[in-house]
Student: 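Structure in structure tokens, see below.
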Amino acid sequence: MTGEHAGPCIRCAVPSWEPSGRERWPELQTHLIDRHANKFGVIMRVTRAGVMAVGDTAFARPA
């Protein structure tokens, strides 16, 4: 499988919540805004279909 970078993923509200409970986690939102321009991950587009399984290694190259 191969793919290409389709753009940054703007952070949604989900990372604002602490993963193991229902508590707000404002420190993460502040960190993402201050250090990563409010980006959290990338959007990829598949350019050649294939099969990946849990445990397979994935690589990303700069555009």
Side-chain angles (χ1 to χ4, degrees):
M1 175 188 310
T2 60
E4 65 185 17
H5 180 252
C9 182
I10 302 299
R11 186 201 57 81
C12 69
V14 173
S16 296
W17 295 91
E18 198 279 321
S20 64
R22 298 182 190 270
E23 300 296 318
R24 297 285 294 164
W25 195 10
E27 296 84 9
L28 178 59
Q29 181 175 2
T30 300
H31 172 79
L32 291 173
I33 291 168
D34 292 347
R35 304 283 176 110
H36 301 282
N38 208 33
K39 307 289 191 288
F40 189 68
V42 296
I43 298 172
M44 299 295 290
R45 178 178 23 253
V46 174
T47 57
R48 189 177 77 211
V51 177
M52 290 192 75
V54 173
D56 286 353
T57 302
F59 298 95
R61 285 184 238 144

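All heavy atoms count here, side chains included; hydrogens, waters and symmetry mates do not. Note that this is a predicted model, so its numbers are computed, not measured.
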Student: I need the full list of side-chain hydrogen bond (donor to acceptor under 3.5 Å, both in side chains) pairs touching residues 46-55, with sequence neighbours left out, sorted by first then second residue.
Tutor: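 For residues 46-55, and leaving out neighbouring residues, the side-chain hydrogen bond (donor to acceptor under 3.5 Å, both in side chains) pairs sorted by first residue read Thr2-Thr47.
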Student: The criterion is side chain to side chain contact (heavy atoms under 4.5 Å, CB included); which residues satisfy it with Asp56, sequence neighbours excluded?
Tutor: Met52, Ala53
Student: Residues two or more places apart in sequence or in another chain: which of them pass side chain to side chain contact (heavy atoms under 4.5 Å, CB included) with Arg45?
Tutor: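 Counting only residues at least two positions away or on another chain, Arg45 forms a side chain to side chain contact (heavy atoms under 4.5 Å, CB included) with Glu4, Ala6.
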Student: With sequence neighbours left out, what residues match Thr57 under side chain to side chain contact (heavy atoms under 4.5 Å, CB included)?
Tutor: Phe59
